[in-house]
Amino acid sequence: MEHDSLDGLQVETRIVAAGRPARGEDAMINVPISLNSTYVAPGETGYGRYGNETWSALETGISAMEGGQTLVFASGMAALAAVFNLLPKGSVVTASMNGYTGTKMLLQELVDAERIELRLVDVSNTPAVVEALRGTNLFWLETPTNPAMEVADLPLLITEAKRLGAGVGVDNTFATALNQTPLALGADISMNSVSKFISGHTDIILGSLSISDSALFARLSTARKLQGAIPGAFECWLALRGLRTLSVRLQRSQENAMELATRFLSHPKISRVRYPGLPSDPHHAVAKSFMKGFGAIVCIEVEGGEEAAERAVQASRLVTFATSLGGVETLWERRHRWSAESPDVPKNLIRISVGIEDVEDIWSDINQALNA
Ligand SMILES: *Cc1c(COP(=O)(O)O)cnc(C)c1O
């Protein structure tokens with residue numbers, strides 16, 4: 001099915017239908033894993049670092065929910081590096097203070113090399129962000145933030161940033177395009193760590209950039225060719241297979257997350273719950289104003305400080321003590337076991353990536369671990 005013919009269909013339908021081979025007698029339903037390092041000349045693709053049928057199918061699938069044109073990279077970090085590498089010397093970048101640690105470390109390297117000036121902001125503090133946006137060349141934001149779970153007023157901030165002449169990129173990994181669509185709100189780039197919800201099975205590393213402007217798309221496409229951070233065909237095939245079920249996985253994970261977050265509110269071993277779906281959450285009103293769902297990440301702060309939090313994550317049996325997120329299985333970790341975690345994040349904060357298991361089973365395991 002051609003991408004154009006999906007217009008008018010709901011996004012849950014588009015991600016199932018997009019990126020398929022053309023219809024015909026005995027046509028394949030799925031694009032195969034294309035293992036080719038070169039192509040017969042002359043032709044458009046030419047060489048295996050320039051293009052691949054399996055990448056294209058995944059890119060068409062991601063574009064069907066994000067909009068724009070998509071490029072898939074070897075990892076989320078490779079996708080970010082391709083964007084940041086475009087920044088001319090002296091660029092001013094405004095970014096999320098409580099963002100993904102890899103993103104912040106990469107930006108800090110550019111500061112140390114005297115390439116950019118960096119302004120870190122609390123993305124939920126709208127007036128402070130708008131102030132920082134004056135003179136900004138690139139606004140790179142994450143919302144909800146990892147792992148503080150702050151929510152930015154995405155429609156307002158994108159509009160303001162564009163009005164002030166800044167380029168805007170959104171790391172859409174936590175929410176996914178099923179919950180918010182940055183390009184539709186006017187952003188230039190929506191980025192995903194495809195390693196997370198899109199692939200959904202904790203078995204691959206991949207990244208993507210969805211880009212609204214065709215000139216910017218061409219520059220980033222050239223960057224991928226020349227920098228060589230290309231995806232593997234097998235990983236793309238798995239990620240596309242994951243994308244087919246994203247809407248049902250996310251729906252179930254979000255329902256579980258909401259149920260757990262609600263129960264955590266009255267748990268005696270938990271001092272604070274962070275989940276934008278909770279009506280009592282400070283970010284609920286903003287999130288509700290533009291997000292279709294609140295995601296599957298819930299953060300808790302444990303009574304008894306970092307030792308109690310560390311004991312809890314090591315005492316789970318069903319829930320796995322591991323980093324990462326967005327898979328079918330529930331994972332949790334105390335974020336400050338990573339030395340690079342922001343000092344603003346409490347030492348006793350545990351991030352939970354809620355999976356699709358039966359919610360009672362997740363609840364009873366977390367409950368026994370907190371009481372262990
Ligand atoms: C994991 C993650 C990344 C980095 O992606 P990789 O695929 O691990 O390179 C970037 N941003 C966010 C929000 C992430 O969760």
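Computation of the quantities below employed the complete heavy-atom set of this structure, encompassing side-chain atoms and omitting hydrogens, waters and symmetry-equivalent molecules. Whatever order the structure lists them in is the order used to number ligands and atoms, beginning at 1.
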(message) What protein heavy atom lies closest to atom 4 (C) of ligand 1? Include the residue and the distance to one decimal.
(response) Tyr100 CE2, 3.4 Å
(message) Could you identify the single nearest non-hydrogen protein atom to atom 15 (O) of ligand 1 and state the distance to 0.1 Å?
(response) Lys196 NZ, 2.7 Å
(request) Following the transitive rule for hydrophobic clusters with a side-chain heavy-atom cut-off under 4.5 Å over Ile, Leu, Val, Met, Phe, Trp and Tyr, establish whether Leu138 and Phe217 coincide in one cluster. (result) yes
Let me check something: any side-chain donor-acceptor pairs from residues 257-266 under 3.5 Å, sequence neighbours excluded? List them with distances.
{"from": "Glu259", "atom 1": "OE2", "to": "Arg263", "atom 2": "NE", "distance (Å)": "2.8"}
{"from": "Glu259", "atom 1": "OE2", "to": "Arg263", "atom 2": "NH2", "distance (Å)": "3.2"}
{"from": "Thr262", "atom 1": "OG1", "to": "Met258", "atom 2": "O", "distance (Å)": "2.7"}
{"from": "Arg263", "atom 1": "NH1", "to": "Glu360", "atom 2": "OE1", "distance (Å)": "3.1"}
{"from": "Arg263", "atom 1": "NH2", "to": "Glu360", "atom 2": "OE2", "distance (Å)": "2.8"}
{"from": "Ser266", "atom 1": "OG", "to": "Arg263", "atom 2": "O", "distance (Å)": "3.4"}

(request) Give a yes or no on this: more than 12 heavy atoms of other residues, nucleotides or ligands lie within 6.0 Å of atom CZ of Phe290. (result) yes
(message) Under 4.0 Å from a heavy atom of Leu206: which atoms of ligand 1 are those, numbered in the order shown and with their elements?
(response) 7 (O)
(request) Give the atoms of ligand 1, by number and element, whose distance to some non-hydrogen atom of Glu142 is under 4.0 Å. (result) 13 (C)
(message) Counting only nitrogen or oxygen atoms and a 3.5 angstrom limit, does Gly76 reach ligand 1?
(response) yes
(request) Check whether the side chains of Glu53 and Ser34 place a donor and an acceptor atom closer than 3.5 Å, and report yes or no. (result) yes
(message) If you count heavy atoms of other groups shown closer than 6.0 angstrom to NZ of Lys162, is the number above 12?
(response) yes
(request) Could you tell me which atoms of ligand 1, counted from 1 in the order shown, lie closer than 4.0 angstrom to a heavy atom of Ser195? (result) 6 (P), 7 (O)
(message) Using a 3.5 Å cut-off on N or O atoms only, is Ser193 in polar contact with ligand 1?
(response) yes
All N/O donor-acceptor pairs, side-chain side in residues 175-184, below 3.5 Å, sequence neighbours left out:
{"from": "Thr176", "atom 1": "OG1", "to": "Leu178", "atom 2": "N", "distance (Å)": "3.2"}
{"from": "Asn179", "atom 1": "OD1", "to": "Gly293", "atom 2": "N", "distance (Å)": "2.9"}
{"from": "Asn179", "atom 1": "ND2", "to": "Ala175", "atom 2": "O", "distance (Å)": "3.0"}
{"from": "Asn179", "atom 1": "ND2", "to": "Gln254", "atom 2": "OE1", "distance (Å)": "2.5"}
{"from": "Gln180", "atom 1": "NE2", "to": "Thr143", "atom 2": "O", "distance (Å)": "2.9"}
{"from": "Gln180", "atom 1": "NE2", "to": "Asn172", "atom 2": "OD1", "distance (Å)": "2.9"}

(request) Do me a favour and list the nearest non-hydrogen protein atom to atom 12 (C) of ligand 1 with residue, atom name and distance? (result) Asp171 OD2, 3.4 Å
(message) In this structure, would Val313 and Leu331 fall into the same cluster of hydrophobic residues linked by side-chain contacts under 4.5 Å?
(response) no
(request) Indicate yes or no: does an N/O atom of Ile205 lie under 3.5 Å from an N/O atom of ligand 1? (result) no
